[in-house]
Amino acid sequence: QAQLMESGGGSVQPGGSLRLSCTASGFIYNTHCMGWFRQEPGKEREAVAGMCTFGANTYYADSVKGRFTISQDDAKNTLVLQMDNLKPEDSGMYFCAARQGFYSTFSTWWDRQSEYVDWGQGTQVTVSS
């Protein structure tokens, strides 16, 4: 099974930026679909963004569209979530998740946490003044 580890969280003021990274290892296949989720205390985990390797499309929650960018670094083993113009409601524990293999149907389930197999431990993001 794959192993995922998030990093880059922290505390920032509204309007600030953070860059989250998710290092992945243990993939059997070169292709995989991955997503970012977040969870506030007492609330259900929600999807933030998703993408697949070798895929041209990226997916975002409406609440972060235009402010967050999901991508991979040059090594192709790290998933990145660039978060700009952060708002207090962006606060929460951010998780990366993965499902090995490439799926042409990713657009139908990118935001469904039950579809992902591997999860990281999370990194905390706090946005407050």
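Start at 1 with the first residue, then count along the sequence. Heavy-atom basis, side chains included; hydrogens, waters and symmetry copies ignored.
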_side-chain contact (heavy atoms from CB on, under 4.5 Å) evaluation trace for Ser91 with Val127_ = CA-CA 5 Å; Ser91 298; Val127 185; 3.7 Å; yes

_So which atom in Arg112 and which in Phe37 form the shortest heavy-atom distance, rounded to 0.1 Å?_
C-CZ, 4.2 Å

*Around Met5, counting heavy atoms of other residues, nucleotides and ligands shown, do more than 12 lie under 6.0 Å from its CE?*
no

*Which atom names give the shortest non-hydrogen contact between Ile70 and Tyr60, and what distance separates them?*
N-OH, 2.9 Å

*For Trp109, enumerate each residue passing the ring pair (Phe, Tyr, Trp, His ring centres under 6.0 Å) test, keeping only those at least two apart in sequence or located in another chain.*
Tyr103, Phe106, Tyr116

*Any salt bridge between Lys43 and Glu40, counting N to O under 4.0 Å?*
yes

*asked:* Taking Glu6's backbone N and O only, do any of them form a donor-acceptor pair with Gln121's side chain (distance below 3.5 Å, no angle check)?
replied: yes

_Atom of Leu4, atom of Ala24 and distance for their closest heavy-atom approach_ = CD2-CB, 3.4 Å

*Tell me, please, which residues at least two apart from Gln124 pass side chain to side chain donor-acceptor pair (under 3.5 Å).*
none

*Search all heavy atoms of Leu20 against all heavy atoms of Trp36 and return the closest pair with its distance.*
CB-CH2, 3.8 Å

*Answer yes if Trp119 and Tyr94 sit in the same cluster of Ile, Leu, Val, Met, Phe, Trp and Tyr residues linked by side chain heavy atoms under 4.5 Å apart, and no otherwise.*
no

*Determine whether Trp110 and Val64 fall in the same hydrophobic cluster, where Ile, Leu, Val, Met, Phe, Trp and Tyr are linked whenever their side-chain heavy atoms lie under 4.5 Å apart.*
no

*asked:* Contact between Thr53 and Gln72 at the side-chain level, heavy atoms closer than 4.5 Å - yes or no?
replied: yes

_Listed partners of Asp90 passing side chain to side chain donor-acceptor pair (under 3.5 Å), at least two apart_ = Arg38, Arg67

*According to a 4.5 Å side-chain heavy-atom criterion applied to Ile, Leu, Val, Met, Phe, Trp and Tyr, with indirect links allowed, do Phe95 and Leu79 form part of one hydrophobic cluster?*
no

*Can you check whether Met34 reaches Cys22 side chain to side chain, under 4.5 Å on heavy atoms?*
yes

*For Asp118 and Ala2, work out which heavy atoms get closest and say how close.*
OD2-CB, 3.4 Å

*Any idea which heavy atoms bring Ser17 and Asn85 closest together, and the distance?*
OG-N, 4.2 Å

_Looking at Glu44, I'd like to know if its CD atom is crowded, meaning that more than 12 non-hydrogen atoms belonging to other residues, nucleotides or ligands lie closer than 6.0 Å._
no

_Cluster link Tyr59 to Met51, ILVMFWY, side chain under 4.5 Å_ = no

*For the hydrophobic clusters of this structure (ILVMFWY residues joined by side-chain heavy atoms under 4.5 Å, transitively), does one cluster hold both Val80 and Leu86?*
no

*Side chain of Gln82, backbone of Thr69: donor and acceptor closer than 3.5 Å?*
no

